[in-house]
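The structure displayed is predicted, hence computed values, not measured ones.
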Amino acid sequence: QTVEIRVSDNGPGIPEKVKARIFEPFFTTKPTGSGTGLGLSMSYDIITKGHGGSLDVESTDGEGATFIITLPV
């Protein structure tokens, strides 16, 4: 059994080239000095390695993005 948590926004979405790298450590789209690029990478490790779950993202240009956390119960 699992529990699924979905967090969505109505922003511009995430471009495919960014989506492919979004969970990589130190990857950021912010200007130099404005972000470390560790937030999603650390979240991914905590959810997958720490709790045996999964973290995925769905996005369509112009329609926002949804992050999906799935955890075993």
Side-chain angles (χ1 to χ4, degrees):
Q1 254 186 0
T2 60
V3 63
E4 183 178 277
I5 302 164
R6 290 176 168 257
V7 180
S8 300
D9 68 20
N10 60 355
I14 302 169
E16 284 299 319
K17 67 179 185 173
V18 173
K19 195 165 85 170
R21 299 189 58 203
I22 203 164
F23 298 117
E24 291 179 15
F26 306 108
F27 177 76
T28 183
T29 58
K30 294 180 181 178
T32 303
S34 296
T36 62
L38 291 175
L40 286 173
S41 172
M42 288 177 57
S43 298
Y44 184 86
D45 284 349
I46 290 167
I47 291 166
T48 61
K49 296 176 183 174
H51 296 287
S54 65
L55 175 59
D56 299 295
V57 63
E58 295 175 350
S59 180
T60 304
D61 283 344
E63 296 183 15
T66 300
F67 284 86
I68 304 148
I69 301 166
T70 306
L71 297 169
V73 287

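Thr48 places a side-chain N or O within donor-acceptor distance of the main-chain N or O of Tyr44, the cut-off being under 3.5 Å. In this structure, Ser59 contributes its side chain and Ala65 its backbone to no donor-acceptor pair below 3.5 Å.
Rounding to the nearest 0.5 angstrom, the gap separating the CD1 atom in Ile47 from the CD1 atom in Ile5 is 8.0 Å. Note that the CD1 atom of Ile68 and the OG atom of Ser8 stand 8.0 Å from one another [nearest 0.5 Å]. Note: Met42 CE to Thr36 OG1 = 8.5 Å, rounded to the nearest 0.5 Å. To the nearest 0.5 angstrom, Thr70 atom OG1 is 4.5 Å from Glu4 atom CD. Taking CG of Leu40 as the reference point, atom CG of Leu55 lies at 7.0 Å (rounded to 0.5 Å). Considering CD of Glu16 and OG1 of Thr60, their distance stands at 8.5 Å, rounded to 0.5 Å.
For the pair Val18/Phe27, a side-chain contact is recorded, criterion being any heavy-atom separation below 4.5 Å from C-beta on. The shortest side-chain heavy-atom distance between Phe67 and Asp56 does not fall under the 4.5 Å cut-off.
Both Ile22 and Val7 are members of a single hydrophobic cluster when ILVMFWY side chains are connected at heavy-atom separations under 4.5 Å.
When all heavy atoms are compared, the tightest approach of Val57 to Ile14 is CG2-CD1, 3.8 Å.
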